[in-house]
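Only this structure's heavy atoms are used, side chains among them; waters, hydrogens and symmetry mates stay out.
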Amino acid sequence: TLRPRNSDNSIGGSMLRRSLQLTKLVPLKFEKRSFAVSLNGFGDHLFKGAVAAPYLAKQGLPENALETNWPTNGTSDKIAAAVLDWAKDNDASVYCHWFQPIGSSGLRHGQSGQVQNHMFEFGKDGKPVWDFKGKNLLKGETDGSSYPNGGLRATHRAGAYLAVDPTSPIFLRGDTIFIPSCLVSYYGHALDEKTPLLRASDAMSQQGARLLNLLGYKVKSLQANIGLEQELFLISRAAYNKRPDLQMAGRTVLGRMPPRGQELSDHYMGPPSLASPALGCMQEIQNQCFKLGIPLRTRHREVAPNQYEFAPLFGSVTTQIDQNLMVMQIIEEVATQYGLAALLQEKPFQGVNGSGKHNNWSIATDDGTNILNVAQLAKNSGSTEIFPVVMAAIVKAVNDNGDLMRMAIASPGNDFRLGACEAPPAIVSVYLGDDMTTYLENFANGENKPYVPSTKLLNMGASVLPPIEVPSEDRNRTSPFPYGGHRFEFRAVGSSQNVSLVNTVLATITANAFKEFADAIEKGQKPADVARAALKGSWKTIFNGNGYDPENQAMLTSKGLWRIDSGVDAICRYTDPKNVKLFSDMKVLTAEECAARQSVMLTQYVGTVEIEANCMVDMIVQHILPSVKEAEVGPIFDLEASVADIKRDLHTIHQTSDEKTKAELARKLRLETMIKARAVCDEAEAVVPASLWSLATYKELLFLDHLQE
């Protein structure tokens with residue numbers, strides 16, 4: 001049965017209730033605010049399953065109507081009517097097509113675009129009348145020229161069009177219905193992050209199903225399932241307001257380390273303190289996510305002071321990415337209500353760990369079989385010979401296209417994070433664990449035994465403690481792409497990233513490897529022979545050792561593994577002929593789209609550095625120099641020289657037209673000139689009396705538990 005919350009479903013009644021609710025809102029109390037996280041109402045604001053079923057039934061549609069290709073099967077008007085009824089019952093009168101513009105990672109709040117429209121028209125009598133039909137649901141139109149587009153759009157040809165993405169559920173927030181959508185230009189060029197992801201997902205599904213069918217496992221399709229571990233910092237809002245760099249750039253461009261950092265690992269997985277608002281904030285974040293059907297299961301403290309993590313359950317790749325964008329938006333909004341500021345940037349503080357977003361990745365068939373789970377695959381396919389072929393294809397994909405994996409994580413914040421004993425180095429390898437490596441080595445040499453992962457019992461040494469069974473694979477935190485039993489984990493992804501590009505790359509390179517295997521098998525080669533040749537040609541990419549060890553890094557580099565230390569160089573792999581051909585062959589991106597996306601990434605990099613550099617200049621001129629002069633101590637002339645150096649480098653960048661050269665100059669400014677200037681600023685902070693220092697210090701920023709009055 002339907003669950004109307006109020007019998008008055010007129011537009012006036014709905015808007016009046018919403019207005020009354022808004023007028024009753026009061027600021028949350030910051031001190032020790034806490035919500036008991038519960039599952040009551042989980043998914044109530046997600047148009048899916050049991051929530052959608054009665055509204056669909058009212059329109060004569062089956063419960064699984066949303067699982068069909070409803071945008072093209074003639075049921076869109078009925079779906080729209082069901083959505084409208086749901087909106088009315090939840091006091092919503094607004095809708096928007098919710099999309100992800102190119103280059104939206106980083107500073108854009110919510111990392112999305114939208115235009116919010118009311119779900120009514122005005123009749124001849126001037127009164128509003130509910131009006132929301134299939135045509136409103138299926139598509140929209142917007143100006144595409146003002147988003148980053150890499151030259152694909154211009155003001156005189158600015159049309160852009162939105163199409164609903166049926167793979168990700170419609171959801172509700174406040175008075176607004178959000179319709180996940182994709183954005184393309186008048187000529188069909190992708191102007192968003194999701195369209196290439198859906199194209200790549202199609203390619204992996206088609207080529208993967210083709211390969212599995214050739215191997216005797218009859219499936220219709222494949223999909224990637226992911227789980228995203230979101231790291232972040234929560235800091236005092238008052239301290240945040242005394243840091244122009246955090247407000248404008250999301251990271252500190254200067255700041256001296258306090259006597260205590262993360263040396264004792266005393267923050268990692270410590271109990272959340274009731275003395276600060278962080279726990280209440282995290283509980284409210286979970287509550288809001290639960291309403292949206294986001295299974296944000298895990299929360300805990302991370303390694304650095306004031307650093308935390310959320311992690312959801314696995315789900316389909318498009319849904320998980322959409323939900324992660326909402327998680328990041330909710331984190332930022334709720335933090336403010338608790339007197340906190342949420343920092344999602346990869347490296348907001350020097351001297352302590354930065355934040356990542358581990359992209360746990362697996363592949364499932366249409367019958368739900370995880371083809372990276374050896375036991376499940378063998379049981380459901382009836383064959384033990386498929387698993388080594390799948391693993392060989394993935395290893396080959398990484399070996400051949402590790403440069404694209406590095407490109408996919410070339411976010412500006414990862415400049416300071418990769419290889420810093422907190423994230424894997426910029427060398428792309430695969431960790432398999434000793435058991436899997438031995439098995440694949442024997443397989444490559446002609447053995448045909450099935451893989452049986454070994455387990456062992458750990459005796460805890462006390463009679464009252466039960467033994468613990470542990471898996472065959474250890475956890476290698478130094479590998480960018482370790483295998484974890486039923487999944488691979490892309491560990492080097494940045495915390496602020498929209499991971500659509502990451503998963504577009506994973507799907508594309510895997511689809512290509514599946515295609516190469518299928519092509520060879522169709523030409524008469526035995527599947528095992530194809531897989532063995534691929535493993536032997538890609539074996540150098542398998543590395544189970546310590547990726548942080550400089551000697552190992554030198555060894556891997558000498559072997560010819562993909563190593564791209566510069567984020568700028570990594571971005572420019574987008575237009576390498578090998579990669580343009582790959583994206584084109586898989587029908588994911590055209591050559592023009594590859595060039596445009598490279599241009600956007602380079603522009604975003606330069607823009608990020610320019611914001612940071614200008615923040616540093618302002619902070620030196622407006623804060624540090626006045627403090628130093630008033631205290632009559634400190635490196636006045638060195639500070640003035642640092643300002644001149646930064647301005648000189650910025651001027652050089654502005655006078656340069658070539659995009660790659662500009663980005664290279666920006667990288668030099670960021671990693672050389674600004675690093676030197678930072679040392680001078682930190683020297684000044686060390687000698688200026690605290691009473692004269694006007695900027696929030698790391699001590700004030702990093703130790704929330706100790707700042708409550």
Side-chain angles (χ1 to χ4, degrees), residues 226-233 261-270 298-305 307-312 314 346-349 351-362 372 394-395 398 402 405-406 408-409 411 413-437 453 458 468 470-497 499 502 506 541-557 561-565:
I226 64 172
L228 300 169
E229 303 171 37
Q230 180 67 57
E231 295 177 343
L232 66 143
F233 283 81
Q262 63 183 47
E263 300 88 346
L264 302 179
S265 298
D266 53 306
H267 195 267
Y268 189 47
M269 294 192 181
T298 301
R299 67 178 189 234
H300 66 86
R301 289 186 187 251
E302 259 297 337
V303 173
Q307 189 181 34
Y308 299 87
E309 178 180 301
F310 287 111
F314 264 64
E346 284 78 11
K347 193 73 174 179
F349 301 105
V352 297
N353 278 10
S355 298
K357 179 158 29 204
H358 304 161
N359 192 106
N360 296 280
W361 178 80
S362 63
L372 300 183
I394 293 173
V395 171
V398 177
M405 294 176 67
R406 175 66 179 92
I409 58 169
S411 64
N414 262 348
D415 266 355
F416 300 99
R417 182 173 163 266
L418 296 182
C421 293
E422 61 188 82
I427 304 171
V428 182
S429 63
V430 177
Y431 167 85
L432 297 178
D434 293 338
D435 273 20
M436 178 65 72
T437 302
L458 288 181
I468 298 176
V470 297
S472 59
E473 301 88 8
D474 201 349
R475 297 191 66 181
N476 190 336
R477 294 167 60 90
T478 72
S479 172
F481 202 59
Y483 177 70
H486 304 153
R487 73 191 192 285
F488 282 94
E489 180 183 9
F490 199 174
R491 290 186 53 82
V493 181
S495 54
S496 71
Q497 284 190 257
V499 297
V502 167
L506 291 178
T541 298
I542 300 172
F543 175 65
N544 295 335
N546 180 4
Y548 291 159
D549 187 328
E551 292 185 4
N552 285 335
Q553 293 179 7
M555 177 268 294
L556 293 172
T557 303
L561 271 71
W562 287 105
R563 176 173 185 168
I564 309 175
D565 292 330

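- The aromatic rings of Trp361 and Phe481 sit tilted relative to each other, their planes meeting at an angle between 30° and 60°.
- A donor-acceptor pair under 3.5 Å links the side-chain atoms of Asn476 to the main chain of Gly545, judged by distance alone.
- Thr478 places a side-chain N or O within donor-acceptor distance of the main-chain N or O of Gly547, the cut-off being under 3.5 Å.
- Taking every heavy atom of both residues into account, Leu506 and Asn359 meet most closely at CD1-ND2, 4.2 Å.
- Salt bridge Asp415/Arg417: absent, no basic N to carboxylate O contact under 4.0 Å.
- The heavy-atom pair separating Pro305 from Val352 by the smallest distance is CD-CG1, 4.2 Å.
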Practice item. Could you give me the CA-CA distance, side-chain angles and deciding distance for Val428 and Thr541, then say whether side chain to side chain contact (heavy atoms under 4.5 Å, CB included) is met? Key: CA-CA 7 Å; Val428 182; Thr541 298; 5.8 Å; no

**Study point:** Residues Phe310, Leu232; criterion side chain to side chain contact (heavy atoms under 4.5 Å, CB included); working and verdict
**Key:** CA-CA 9 Å; Phe310 287 111; Leu232 66 143; 4.0 Å; yes

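- In terms of heavy-atom proximity, Arg563 sits nearest to Gln553 at NH1-O, 3.8 Å.
- Under a cut-off of 6.0 angstrom, the local environment of CG in Asp434 is sparse, with at most 12 non-hydrogen atoms contributed by other residues, nucleotides or ligands.
- For the pair Pro480 and Ser429, the minimum side-chain heavy-atom distance is below 4.5 Å.
- By the 6.0 Å contact criterion, CZ on Arg477 is open, its count of non-hydrogen atoms from other residues, nucleotides or ligands being 12 or less.
- At a threshold of 4.5 Å between non-hydrogen side-chain atoms, the residues Arg406 and Trp562 do not count as touching.
- In this structure, Glu263 places its CD atom where more than 12 heavy-atom neighbours from other residues, nucleotides or ligands lie under 6.0 Å away.
- Checked against a 6.0 Å centroid threshold, the rings of His486 and Phe314 do not count as neighbours.
- Rounded to the nearest 0.5 Å, atoms OG (Ser479) and CD1 (Ile542) are 11.0 Å apart.
- Taking both residues in full, the closest heavy atoms of Glu346 and Ser411 are given as OE2-OG, 3.4 Å, listed atom of the first, atom of the second, then distance.
- The shortest distance between side-chain heavy atoms of His358 and Leu228 does not fall below 4.5 Å.
- Put simply, CG on Leu556 and CD on Glu551 are 12.0 Å apart, with the number rounded to the nearest 0.5 Å.
- Here Asp549 contributes atom CG and Asn546 contributes atom CG; the two are 5.5 Å apart, rounded to the nearest 0.5 Å.
- Looking only at side-chain heavy atoms (C-beta outward), Tyr308 and His267 come within less than 4.5 Å of each other.
- The heavy-atom pair separating Ile409 from Ala492 by the smallest distance is CD1-CB, 3.4 Å.
- For the atom pair CD (Gln230) and OG (Ser496), the distance works out to 8.5 Å, reported to the nearest 0.5 Å.
- Counting only N and O atoms by type, the side chains of Gln262 and Asn353 include a donor and acceptor under 3.5 Å apart.
- Judged purely by atom type and a 3.5 angstrom limit, Lys357 uses its side chain to pair as donor or acceptor with the backbone of Gln497.
- The two residues Met269 and His300 make their nearest non-hydrogen contact at CG-ND1, 4.0 Å.
- For the residue pair Glu309 / Thr298, no side-chain donor-acceptor distance below 3.5 Å is found, with atom types taken as modelled.
- A side-chain donor from one of Gln307 and Ser355 sits under 3.5 Å from a side-chain acceptor of the other.
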Exercise for review: Any chance you could lay out the side chain to side chain contact (heavy atoms under 4.5 Å, CB included) test for Phe543 and Met555, step after step, and finish with the verdict?
Suggested key: CA-CA 11 Å; Phe543 175 65; Met555 177 268 294; 3.8 Å; yes

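- Checked by atom type and distance alone, the side chain of Arg301 never pairs as donor or acceptor with a backbone atom of Tyr268 at under 3.5 Å.
- Using a 4.5 Å heavy-atom cutoff, the side chains of Asp435 and Thr437 are not in contact.
- Taking OH from Tyr431 and CD from Glu489, the interatomic distance works out to 11.5 Å, rounded to the nearest 0.5 Å.
- Side-chain contact between Phe490 and Val502 is present, with heavy atoms from C-beta onward closer than 4.5 Å.
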